[in-house]
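Report on the following structure.
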Amino acid sequence: MSAKKSTLYAHATIITINPSRDIILDGALLVTGSRISAIGKTSQLSQHLPKDTQIISLKNRILLPGLINTHSHLAQSLLRGLAEDLPLHSWLCDAIWPLEANYDADDGYVAARLTIAEMLKSGTTCFLESMLTHRSGFENVVRAVGESGIRGCLGKLVKFEESNKKLNISDPRDKDVQSMSVSSMLESHRKHHGSFNDRLHVWAAAGTPRGSPLSSHLGIGESCREHNIGLTMHCAEAPKDLTIYRDSYNCTPMEFCRDAKLTGPKTVLAHMVHLDLAVDLPILKETGTTVAHNPNSNLKLASGIAKVPEMLDAGVNVSLGTDGAPCGNTYDMFREMHLAGILHKGTNLDASIVGAEEALEMATINGAKALGLEKEIGSLEVGKNADFVVLNPGGLHAAPYAEEQISEGGVNPVTTVVYSCTGADVEMVVIDGEVLVSGGKLVKVDEGEILKAARKSIRGIRERSGIKAVNRKGWKYV
């Protein structure tokens with residue numbers, strides 16, 4: 001049997017996110033096969049290398065764990081720009097749901113490839129897809145993940161009829177509700193969980209409670225616990241959601257989740273903006289449930305601002321997500337980190353709240369914990385999967401950062417990553433030891449072909465749904 005390939009990534013500033021939070025100057029990372037086999041100073045690691053080890057110099061680069069997006073919608077990248085400046089209710093009922101209900105053939109595959117390409121180029125190595133609808137085609141997205149090399153947890157949507165005249169909610173996706181059952185989710189888990197050398201995991205994505213019986217959601221929770229399946233759900237996102245929980249179920253959001261057995265160490269609840277903190281924070285902490293913070297989406301849809309400082313103070317695991325392209329316009333986790341690192345300072349009038357270090361932890365090790373993968377990814381440690389990102393912070397926007405000045409009291413690499421860099425600074429992405437982005441370009445796929453297919457698909461979706469972007473505020477094309 002041939003020996004596993006070894007590659008030494010040398011002369012980098014390495015932000016490890018290990019338990020002691022070491023930042024290694026002039027550091028090196030040795031990858032053997034798909035795993036990290038050594039990490040330390042370049043001068044030490046370069047002395048005893050396996051035969052035929054490839055050496056890649058990363059001078060003036062920052063190497064950090066791959067970013068983990070714990071709330072994303074892979075099928076929504078095609079809908080970017082079609083529902084701008086709308087409140088959540090109108091955004092969903094008048095645009096997004098009708099558009100999603102008109103996906104056809106390979107549209108879900110085309111959308112997933114577009115989203116994954118954007119994620120990879122901007123440093124995301126693992127994601128949680130939070131709601132794959134029937135029309136998106138679960139098999140479509142599985143195929144896209146397999147081909148791309150990315151690591152993903154796919155949330156198979158389990159929903160009940162969400163059209164609710166009392167709440168003025170009309171959901172055209174209800175026509176496919178029979179295909180989004182618990183049994184359908186279990187079959188997808190049986191068929192695909194652990195595929196592609198365990199890069200793909202299948203989760204359940206519970207529909208948002210909007211008056212449907214608690215017993216229905218209890219069925220989801222019990223099935224997930226019985227089969228050890230991860231579960232994600234949009235929760236307490238909109239301003240009226242706390243009132244809906246109280247009026248429809250006579251409880252708070254987390255009391256509902258607890259009673260429906262939707263909580264636990266492998267549960268990720270997205271948004272969590274409108275909570276009863278006195279009741280809900282202790283339940284979050286006691287159950288080990290993760291909150292996926294989505295500052296970009298919550299701001300653009302005017303949903304509000306999650307009480308992240310209070311969650312962190314209570315010991316709740318908080319991760320980060322971009323949400324979908326129609327509500328945030330980007331899958332760039334660097335932009336999400338930047339917002340998470342500045343938003344709460346302004347709302348709390350306290351510049352020390354949620355610093356760059358906490359924001360980076362949310363996007364890496366906290367995300368790994370959320371997915372139950374903290375022993376495999378989320379930090380750079382010996383034995384873990386070789387999932388990492390290489391940044392080039394040499395542009396004007398990050399100056400005067402210089403790695404040779406760090407030890408002299410120069411600019412901190414962590415604050416540079418969070419406050420100065422964007423996904424455009426990503427130079428290399430490695431997952432399971434395989435280079436998927438090199439020189440800022442995708443290695444395995446044709447970016448031009450992806451763009452061409454996306455533009456063709458969205459034209460058909462617009463025509464079938466009748467939903468189109470409109471000129472606004474008197475501005476017109478001439």
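Using a distance-only test at 3.5 Å, with no hydrogens or angles considered, no donor-acceptor pair links the side chain of S457 to the main chain of A454. E129 contributes a side-chain N or O that, together with a main-chain N or O of L74, makes up a donor-acceptor pair within less than 3.5 Å. No donor-acceptor distance shorter than 3.5 angstrom exists from the side chain of D106 to the backbone of Y109, with no hydrogens or angles considered. With hydrogens and angles disregarded, no donor-acceptor distance shorter than 3.5 Å links the side chain of K5 to the backbone of T53. Side chain of T416 to main chain of N412: a donor-acceptor pair is present (N/O by atom type, distance under 3.5 Å, no hydrogens or angles). In this structure, N392 contributes its side chain and G394 its backbone to a donor-acceptor pair below 3.5 Å. Under a 3.5 Å cut-off, the side chain of T289 and the backbone N or O of G264 do form a donor-acceptor pair. Side-chain N or O atoms of T267 include one that pairs as donor or acceptor with a backbone N or O of L262 at under 3.5 Å. Counting only distance, with no hydrogens or angles, the side chain of S136 and the backbone of L132 share no donor-acceptor pair below 3.5 Å. The main-chain N or O of V202 is found under 3.5 Å from a side-chain atom of H193 such that the two form a donor-acceptor pair.
A salt bridge links R35 to E376: one of the charged nitrogens lies within less than 4.0 Å of a carboxylate oxygen. With salt bridges taken as basic N to acidic carboxylate O contacts below 4.0 Å, one links K444 and E434.
Of the options K121, R113, K452, a salt bridge (charged side-chain N to carboxylate O under 4.0 Å, His left out) to E447 is made by K121 and by none of the others. Results of the side-chain contact (heavy atoms from CB on, under 4.5 Å) test with H192 over L154, V145, V142 single out V142 as the only residue that passes. The salt bridge (charged side-chain N to carboxylate O under 4.0 Å, His left out) with R21 is formed by just one residue from the set E358, E381, E361; it is E361. In summary, of the residues considered (I24, I62, T364), a side-chain contact (heavy atoms from CB on, under 4.5 Å) with I15 occurs for I62 alone.
Residues F388 and Y9 bring their aromatic ring centres within 6.0 Å.
A donor-acceptor contact closer than 3.5 angstrom is absent between the side chains of E237 and N294. With 3.5 Å as the limit, one finds a donor-acceptor pair spanning the side chains of D26 and H11. Between the side chains of T290 and N317, at least one donor N or O lies within less than 3.5 Å of an accepting N or O. Side-chain contact check for D350 and S352: at least one donor-acceptor pair (N or O, by modelled atom type) lies under 3.5 Å. Side-chain contact check for T322 and N69: at least one donor-acceptor pair (N or O, by modelled atom type) lies under 3.5 Å. Residues K300 and N329 bring a donor and an acceptor atom of their side chains to less than 3.5 Å of each other. With 3.5 Å as the limit, one finds a donor-acceptor pair spanning the side chains of N18 and D22. Between the side chains of N385 and D432, at least one donor N or O sits under 3.5 Å from an acceptor N or O.
For the pair I68/T124, no side-chain contact is recorded, criterion being any heavy-atom separation below 4.5 Å from C-beta on. Residues C235 and C257 have side chains in contact (heavy-atom distance under 4.5 Å, counting atoms from C-beta outward).
By the 30° and 60° cut-offs, the orientation of the rings of H271 relative to H71 is perpendicular. The aromatic rings of H344 and H293 sit tilted relative to each other, their planes meeting at an angle between 30° and 60°.
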Checklist entry - Stepwise, does the side-chain hydrogen bond (donor to acceptor under 3.5 Å, both in side chains) test hold for H89 with D94? => result CA-CA 8 Å; H89 182 88; D94 301 334; over 6 Å; no
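Under a cutoff of 6.0 Å and an axis angle of 45°, R151 and F127 do not form a cation-pi pair.
By the 6.0 Å contact criterion, NZ on K345 is enclosed, its count of non-hydrogen atoms from other residues, nucleotides or ligands being greater than 12.
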